[in-house]
Amino acid sequence: MPIAVYVLGLGIFTQGTSEFMLSGLLPGMAADLGVSIPQAGLLISAFAIGMVVGAPLLAVATLNLPRRTALVWLQAVFVATHIAGALAPGYGFLFVTRIVSALAYAGFWGVAVATAVALVPESAKSRAVAVVAGGLTLATIVGVPAGTFLSQHASWRAAFWAVAVATVVSLVCTLVAVRADHGTPGDAPRSVRAELRGMARPQLWLSYAITAFTFGAVIVTFSYLAPLLTDVTGIGEQWVPALLALFGAGGLLGLVIGGRTAHAHPLATLGWGLGVLAAVSVLLALAAHSAIAVTALVFLLGIAGYVTNPALQSRVFALAPDAPTLVGATNTAAFNVGNTLAPLLGGLAIDAGLGFTSVAWVGAGLAAAGFAGVLGAVHMRRNACASTGPLEPRTRAVG
């Protein structure tokens with residue numbers, strides 16, 4: 001695997017830490033900024049919405065830039081917004097910096113995945129995507145606890161400074177490791193119209209729906225995992241970080257497994273992953289009062305939740321190989337649709353008086369919807385085979 005792919009994963013790690021670390025910073029931020037914790041929590045929603053909007057917009061804006069140039073400038077904007085955020089005089093200013101940083105991060109995601117896919121042969125594309133996406137899993141295992149630690153012993157602003165410094169390191173590594181010509185497919189400039197034509201495939205848009213359902217099924221339970229552990233399972237607050245790290249460790253193992261199976265068997269990987277995810281979510285709801293069972297199920301939730309990630313990320317490139325930039329960016333937006341809407345559904349279930357275990361039932365339902373989407377994709381692929389005869393080599397890789 002080229003070193004540049006690991007550098008791209010480092011970029012996702014540094015920026016992804018900022019995406020998730022606010023969950024551990026909210027009390028301190030709320031007190032410092034003079035707002036309620038729910039108001040401070042809107043900073044998380046602002047980031048997610050920025051990701052949804054920013055991914056396709058930034059993909060279009062950077063379409064004909066050399067990919068290294070786009071990667072460096074997007075990281076530079078991210079650094080600037082975190083310095084501004086660390087110095088923010090008030091809540092409103094910080095809210096704006098979160099949106100702008102999310103726009104830059106969304107653009108980086110799309111360009112980074114497209115670059116990684118372009119750097120490796122066909123047989124290694126899923127593994128390359130797994131390495132890049134693995135940066136986000138490492139962020140949940142290492143970056144988020146580190147940010148929480150800094151916030152507890154210094155301030156939430158120190159965590160923002162740390163993310164800015166780490167992203168500067170990633171930016172320098174990008175300049176060194178990613179050659180300027182990487183990822184440029186031929187001499188002809190890429191055009192938005194050509195990429196949009198390449199995306200006019202029903203299978204592709206079904207894949208985006210599967211992405212949203214799958215990630216939503218994971219994130220809805222993860223978002224409320226801490227109160228579920230303390231209020232339902234009865235685990236002490238001091239053990240919550242360890243169990244969150246256990247979830248992240250399971251996610252890392254899932255990425256490794258999915259990276260090895262997604263290329264040859266993408267739909268099977270998605271089907272098995274979503275089936276296990278639904279089952280684990282149901283078991284978590286039923287066994288939420290048992291600390292031993294919950295500990296094991298949290299680890300399995302991480303595996304099942306992330307084993308699908310390489311297939312979700314790489315399959316869209318196989319479905320629309322002539323839209324390498326916009327297709328990946330739109331998939332990033334699809335992930336964040338799930339990231340935005342699923343916790344909202346979980347919150348509605350809790351507010352309806354169904355308790356914290358209800359989020360696991362919501363997760364199971366979303367996983368079932370994703371599984372139905374996979375069955376639909378299998379049906380569409382079989383119909384395509386029947387009508388066109390043997391699949392072309394590039395098309396065979398998606399089934």
Side-chain angles (χ1 to χ4, degrees), residues 52-53 55-60 62-64 106-107 109-118 120 122-123 125-126 128-129 132-133 183 185-186 188-216 258 261-271 273-274 308-338 369-399:
V52 172
V53 175
L57 287 182
L58 267 294
V60 171
T62 62
L63 191 61
N64 284 309
W109 249 114
V111 179
V113 173
T115 303
V117 168
V120 297
E122 183 69 30
S123 60
K125 292 188 185 299
S126 296
V129 169
V132 175
R190 297 182 291 270
S191 76
V192 176
R193 181 176 296 180
E195 294 225 358
L196 287 174
R197 282 199 303 267
M199 293 177 66
R201 294 178 170 91
Q203 270 268 35
L204 177 65
W205 293 94
L206 178 58
S207 184
Y208 290 146
I210 294 170
T211 294
F213 282 126
T214 302
F215 196 65
T261 62
H263 172 68
H265 309 287
L267 290 177
T269 300
L270 291 174
L274 282 161
T308 58
N309 195 288
L312 292 171
Q313 293 276 16
S314 61
R315 185 169 178 264
V316 293
F317 290 94
L319 288 168
D322 41 357
T325 302
L326 198 52
V327 71
T330 307
N331 204 38
T332 298
F335 272 100
N336 282 278
V337 168
F371 186 83
V374 173
L375 293 180
V378 171
H379 179 71
M380 292 172 71
R381 182 170 62 89
R382 287 175 177 170
N383 285 345
C385 291
S387 61
T388 62
L391 294 174
E392 295 298 323
R394 69 167 175 83
T395 309
R396 187 179 294 120
V398 306

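The figures here come from the full heavy-atom set of this structure, side chains too, leaving out hydrogens, waters and symmetry mates. All residue numbers refer to positions in the sequence shown, counting from 1.
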Looking at [atom1] of [X] and [atom2] of [Y], how far apart are the two atoms once the value is rounded to the nearest 0.5 Å?
X      : Y      : atom1 : atom2 : result
Leu274 : Thr214 : CG    : OG1   : 4.0 Å
Leu204 : Arg315 : CG    : CZ    : 9.0 Å
Ser207 : Leu270 : OG    : CG    : 7.0 Å
Asn309 : Phe215 : CG    : CZ    : 8.0 Å

Checklist entry - Considering residues at least two apart in sequence or located in another chain, which fulfil the side-chain hydrogen bond (donor to acceptor under 3.5 Å, both in side chains) criterion with Thr269? => result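 Thr261.
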Item to check | Pairing residues for Thr211 by the side-chain hydrogen bond (donor to acceptor under 3.5 Å, both in side chains) criterion, not counting sequence neighbours | outcome: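 Thr211 satisfies side-chain hydrogen bond (donor to acceptor under 3.5 Å, both in side chains) with Asn331 only.
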Looking only at heavy atoms, which two atoms of [X] and [Y] are closest? And how far apart?
X      : Y      : value
Gly376 : Leu206 : C-CD2, 3.8 Å
Pro266 : Ala311 : O-CB, 3.9 Å
Val132 : Ala116 : CG2-CB, 3.7 Å

Taking the side chain from [X] and the backbone from [Y], do they hold a donor-acceptor pair closer than 3.5 Å?
X      : Y      : result
Tyr208 : Val327 : yes
Arg201 : Ala320 : no
Gln203 : Met380 : no

Checklist entry - side chain to side chain contact (heavy atoms under 4.5 Å, CB included) between Ile210 and Trp205: does it pass, once the steps are laid out? => result CA-CA 9 Å; Ile210 294 170; Trp205 293 94; over 6 Å; no
Next on the checklist: Atom CZ of residue position Phe371 - does it have more than 12 heavy atoms of other residues, nucleotides or ligands inside 6.0 Å?
Outcome noted: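 No, the 6.0 Å shell around CZ holds no more than 12 heavy atoms from other groups.
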